[in-house]
Amino acid sequence: MTLFARLASDVQLMFRRPPRQQYGALCYRVKKKSGEVEVLLMTSRDTGRWVIPKGWPMTRKCAHEVAMQEAFEEAGVCGVVETETLGAYTYSKVLRDGVQVTCKVQVYALEATDMAKNFKEKGERRIEWVSFDEAAGRVREPELRHLFLAFKQRMADRLSAKVAKQIPEVKQIPAE
């Protein structure tokens with residue numbers, strides 16, 4: 001690498017901004033009759049792309065509490081949020097002043113227990129409950145797609161373990 005190329009690279013690194021932090025909720029529900037798991041997708045207000053509820057840090061709120069608050073404000077979802085992150089993804093956001101920034105979203109699972117009839121951003125977005133595969137197909141961000149599919153596997157493992165606990169043990173009859 002030439003000296004000029006190295007200097008250019010170093011200058012570029014000096015001016016690169018770190019990603020802006022956000023917190024999001026991967027909202028899910030288990031259908032009572034079928035046991036099928038659905039996840040929530042909604043459209044963004046600006047571009048109309050499919051996203052999950054997410055937002056900026058809030059004073060005196062933990063990351064998972066912010067995710068829960070955003071799920072309520074943006075989609076009317078009430079529920080129980082996990083305190084451990086599922087993972088993170090990045091995306092490009094254009095701010096109101098036109099500046100484009102990279103945002104890193106820490107994602108928390110939120111089991112939906114209720115849907116509010118009235119919430120802050122009602123009518124500003126389309127909201128749909130879909131399968132994991134449908135959600136993975138609709139979102140643009142590859143890391144978010146991966147989070148949906150990894151959570152699908154985790155839920156499948158959790159549900160199969162629950163079913164296994166409900167099946168009575170078969171006693172072995174000794175061979176004669």
Side-chain angles (χ1 to χ4, degrees), residues 12 15-31 34 36-59 61-156 158:
Q12 191 177 29
F15 288 105
R16 184 180 298 159
R17 293 181 179 159
R20 305 272 182 99
Q21 185 66 59
Q22 289 190 314
Y23 304 109
L26 192 158
C27 303
Y28 70 97
R29 66 184 183 187
V30 181
K31 288 182 157 182
S34 66
E36 181 186 349
V37 180
E38 293 179 314
V39 290
L40 179 129
L41 281 182
M42 61 185 202
T43 54
S44 66
R45 289 187 296 183
D46 51 358
T47 64
R49 74 185 192 288
W50 291 104
V51 297
I52 62 172
K54 63 187 171 305
W56 305 107
M58 296 177 188
T59 306
K61 283 198 188 267
C62 296
H64 67 278
E65 293 171 323
V66 172
M68 185 170 64
Q69 179 75 29
E70 292 297 334
F72 178 74
E73 289 180 4
E74 295 181 356
V77 175
C78 303
V80 180
V81 68
E82 293 182 8
T83 58
E84 294 294 317
T85 182
L86 290 175
Y89 72 97
T90 56
Y91 76 102
S92 291
K93 179 174 184 64
V94 178
L95 301 176
R96 288 185 185 140
D97 60 7
V99 174
Q100 186 171 337
V101 296
T102 299
C103 293
K104 180 179 181 182
V105 183
Q106 273 181 237
V107 179
Y108 296 84
L110 188 153
E111 183 173 11
T113 56
D114 198 14
M115 294 290 292
K117 290 189 182 349
N118 293 308
F119 50 95
K120 189 176 180 180
E121 297 182 14
K122 183 177 181 172
E124 296 180 26
R125 306 165 182 277
R126 236 171 87 204
I127 297 168
E128 289 186 28
W129 288 95
V130 299
S131 70
F132 285 108
D133 294 334
E134 179 70 22
R138 287 190 191 184
V139 296
R140 290 185 190 165
E141 299 80 8
E143 296 161 311
L144 180 55
R145 184 175 300 124
H146 175 73
L147 285 175
F148 275 119
L149 297 176
F151 191 65
K152 173 186 177 182
Q153 185 60 53
R154 181 175 138 188
M155 289 302 292
R158 184 186 294 174

How would you list, by chain and number, every residue that makes a ring pair (Phe, Tyr, Trp, His ring centres under 6.0 Å) with Phe72, sequence neighbours excluded?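 Once residues adjacent in sequence are excluded, Phe72 has no partner under the ring pair (Phe, Tyr, Trp, His ring centres under 6.0 Å) criterion.
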Using every non-hydrogen atom in the two residues, find where [X] and [Y] come nearest and quote the distance to one decimal.
X      : Y      : value
Val77  : Leu40  : CG2-CD1, 3.7 Å
Ser131 : Val39  : O-CG2, 3.9 Å
Glu73  : Phe119 : O-CD1, 3.5 Å
Gln21  : Trp56  : O-CE3, 3.5 Å
Ala67  : Ala25  : O-CB, 3.6 Å
Leu95  : Val101 : CD1-CG1, 3.9 Å

Mind running side chain to side chain contact (heavy atoms under 4.5 Å, CB included) on Trp129 and Cys27 for me, showing each step along the way? CA-CA 9 Å; Trp129 288 95; Cys27 303; 4.2 Å; yes
Can you tell me which residue pairs pass the salt bridge (charged side-chain N to carboxylate O under 4.0 Å, His left out) test with a partner in residues 47-56, sequence neighbours excluded?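 Residue pairs with at least one partner in residues 47-56: Arg49-Glu141.
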Hey, could you give me each pair passing salt bridge (charged side-chain N to carboxylate O under 4.0 Å, His left out) that has a residue in residues 74-99? Not counting sequence neighbours. Glu74-Arg125, Glu82-Arg154, Glu82-Arg158
Distance (rounded to the nearest 0.5 Å) between [X] [atom1] and [Y] [atom2]:
X      : Y      : atom1 : atom2 : answer
Ile52  : Ser44  : CD1   : OG    : 12.5 Å
Ile127 : Lys122 : CD1   : NZ    : 9.0 Å
Glu121 : Met42  : CD    : CE    : 7.0 Å

List the atom pairs, donor and acceptor, that lie under 3.5 Å between side-chain atoms in residues 132-139 and the rest of the protein, sequence neighbours left out.
residue	atom	partner	partner atom	Å
Asp133	OD1	Lys152	NZ	2.9
Asp133	OD2	Lys152	NZ	3.0
Glu134	OE2	Arg138	NE	2.8
Glu134	OE2	Arg138	NH2	3.2
Arg138	NH1	Glu128	OE1	2.9
Arg138	NH2	Glu128	OE1	3.0

Going by the side-chain hydrogen bond (donor to acceptor under 3.5 Å, both in side chains) test, name the single residue among Glu143, Arg20, Gln22 that passes it with Thr90.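 The residue from Glu143, Arg20, Gln22 that satisfies side-chain hydrogen bond (donor to acceptor under 3.5 Å, both in side chains) with Thr90 turns out to be Glu143.
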Taking the side chain as everything from C-beta on, heavy atoms only, tell me whether Leu86 gets closer than 4.5 Å to Leu26. yes
Got Glu70 and Met58 here, is their nearest side-chain heavy-atom distance under 4.5 Å? yes
For Leu41 and Phe148, run side chain to side chain contact (heavy atoms under 4.5 Å, CB included): C-alpha distance rounded to whole Å, both residues' side-chain angles, the deciding distance at 0.1 Å, then the answer. CA-CA 11 Å; Leu41 281 182; Phe148 275 119; 3.8 Å; yes
Donor-acceptor contacts under 3.5 Å from residues 104-113 side chains, at least two apart:
residue	atom	partner	partner atom	Å
Gln106	NE2	Tyr108	OH	2.8
Thr113	OG1	Cys78	O	3.3

Ser34: what forms a side chain to side chain contact (heavy atoms under 4.5 Å, CB included) with it, not counting sequence neighbours? Lys31, Glu36
